[in-house]
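For reference, positions follow the sequence shown, starting with 1.
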Amino acid sequence: MNERAASRLMAWILALSILAGVGLFVLYALGGQPQLEGALLFVALGGVGFALILWGKYLFRPEIVTEEREPHASEEEALAAAEEAYEGGEELVARRSFLVRMLVGAFGALGVAAIVPIRSLGPGPGRSLFHTAWRPGMLLVDEAGRPIQAGALALDSVVTVFPQGLTDAVDSVAVLVKVPPDALNLPEGRNDWAPQGNVCYSKLCTHAGCPVGLYLAQYHELQCPCHFSAFDVLNGANPVFGPAPRALPQLPIEIDAQGFLRAKGDFTAPVGPGFWNMGKGS
């Protein structure tokens, strides 16, 4: 196959690749069809790949041959051959410029087709990950919806709690632990967040979001059964073992006039697995 034929074939292949990319964009925008999308993607990517193979094989000289220049003037035949080679080279440069534009067009069509699937990721979360259903004044209730009194828990006991009326709010589930008040060593500013030794943390592990449902009273540790992360209840639920990257967010609580436990606000940090901005601390 000569260069002219290879260039013509490459142009047709790249045109087909561009059409496949545009077709993929249109098909996805109309609702999509997995099998047809796969076929179009194959044509779009395969066309670019096959065109590059042809380019490397037929449009790049395999080697450069030079020879010493004779001291005498060129003969008429040599001048004619040089002129013909020059004109052919000019045509070749123009042909390659066209193929470059076709190649850019093929990549551009693929880029356009790739834009639409990004919409499948859904809307950005905004600040929603930073808030749960907890609000100031909300009662802490058990899974049956019964409010929790400050003196209801025995020392070193634990209970799962929810915001009143929202026991189905999975991001708001928390664990309430009763510990000796004088043993607490909470971070600065949280001294009044655990009245009478009732301290409350998110139940969602900060590693993979599993429920932290095990409590080792001997060590005052909450443990995650999925990957064995352990959190120090006395010290702000900081991780002391396992892959969890940060502490369990704490829920500030208080005792109301009737002796029931109520939230003073939301958790101290986003609940569940750590994400991009947690390097700033929790």
Side-chain angles (χ1 to χ4, degrees), residues 131-207 209-242 244 246-272 282:
H131 304 287
T132 67
W134 289 102
R135 298 292 182 270
M138 277 188 165
L139 282 167
L140 277 65
V141 301
D142 60 18
E143 59 183 356
R146 296 184 295 260
I148 307 295
Q149 287 192 315
L153 271 66
L155 193 65
D156 291 327
S157 61
V158 60
V159 64
T160 298
V161 295
F162 307 85
Q164 185 180 29
L166 296 169
T167 55
D168 59 345
V170 294
D171 63 339
S172 304
V173 61
V175 57
L176 179 68
V177 186
K178 182 66 173 286
V179 298
D182 56 355
L184 284 168
N185 184 30
L186 297 176
E188 185 178 356
R190 304 186 192 179
N191 297 329
D192 59 344
W193 286 17
Q196 299 181 13
N198 292 286
V199 61
C200 192
Y201 298 104
S202 170
K203 196 173 181 177
L204 302 180
C205 182
T206 54
H207 172 233
C210 296
V212 180
L214 303 177
Y215 180 61
L216 272 65
Q218 180 181 359
Y219 303 104
H220 299 294
E221 291 180 2
L222 282 168
Q223 293 192 344
C224 175
C226 291
H227 306 99
F228 309 108
S229 292
F231 304 88
D232 185 356
V233 169
L234 302 179
N235 189 26
N238 281 312
V240 293
F241 183 80
R246 61 188 178 98
L248 295 173
Q250 185 175 353
L251 182 72
I253 58 176
E254 60 185 357
I255 303 173
D256 67 11
Q258 289 75 39
F260 292 105
L261 294 174
R262 293 182 180 269
K264 297 174 65 175
D266 205 348
F267 290 109
T268 52
V271 301
S282 58

- Check against side chain to side chain contact (heavy atoms under 4.5 Å, CB included), Asn185 and Leu234: CA-CA 6 Å; Asn185 184 30; Leu234 302 179; 5.5 Å; no
Please find the pair of heavy atoms, one from [X] and one from [Y], that lie closest to each other, and give the distance.
X: Ala194; Y: Leu184; answer: CB-CD1, 3.7 Å
X: Arg246; Y: Gly272; answer: NH2-O, 2.9 Å
X: Ala150; Y: Asn198; answer: O-ND2, 3.1 Å
X: Pro249; Y: Thr268; answer: CA-OG1, 3.5 Å
X: Ala169; Y: Ala133; answer: CB-CB, 4.2 Å
X: Trp193; Y: Gly189; answer: NE1-O, 3.7 Å

Side-chain heavy atoms of [X] within contact of [Y], under 4.5 Å:
X: Phe231; Y: Cys205; value: yes
X: Val173; Y: Phe162; value: yes
X: Pro239; Y: Thr206; value: no

Which donor-acceptor pairs under 3.5 Å do the side chains of residues 209-222 make with protein atoms, sequence neighbours left out?
residue, atom, partner, partner atom, Å
Tyr215, OH, His220, ND1, 3.1
Glu221, OE1, Gln223, NE2, 3.4

- Assess the side chains of Asp171 and Thr132: does a donor N or O sit below 3.5 Å from an acceptor N or O? no
So how far is it from [X] [atom1] to [Y] [atom2], rounded to the nearest 0.5 Å?
X: Ile253; Y: Leu261; atom1: CD1; atom2: CG; value: 5.0 Å
X: Leu139; Y: Asp256; atom1: CG; atom2: CG; value: 6.5 Å
X: Asp266; Y: Met138; atom1: CG; atom2: CE; value: 9.5 Å
X: Phe260; Y: Ile255; atom1: CZ; atom2: CD1; value: 12.0 Å
X: Lys264; Y: Asp192; atom1: NZ; atom2: CG; value: 3.5 Å

Look only at the side chain of [X] and the backbone of [Y], and say whether a donor-acceptor pair between them is shorter than 3.5 Å.
X: Ser202; Y: Leu248; result: no
X: Trp134; Y: Ser172; result: yes
X: Asn235; Y: Asp232; result: no

- Note on the structure: Taken in chain and number order and not counting sequence neighbours, the residues that satisfy side chain to side chain contact (heavy atoms under 4.5 Å, CB included) with Ala152 are Gln149
- Message: Working note: Leu140 + Val159, criterion side chain to side chain contact (heavy atoms under 4.5 Å, CB included); need CA distance, chi angles, decisive distance, verdict.
- Response: CA-CA 10 Å; Leu140 277 65; Val159 64; over 6 Å; no
- Task: Give the C-alpha distance, both sets of side-chain angles, the deciding distance and a yes or no for side chain to side chain contact (heavy atoms under 4.5 Å, CB included) between Val141 and Arg146.
- Result: CA-CA 5 Å; Val141 301; Arg146 296 184 295 260; 5.8 Å; no
- Message: Determine whether Thr167 and Glu143 satisfy the following criterion, side chain to side chain contact (heavy atoms under 4.5 Å, CB included), listing intermediate values before the conclusion.
- Response: CA-CA 6 Å; Thr167 55; Glu143 59 183 356; 5.8 Å; no
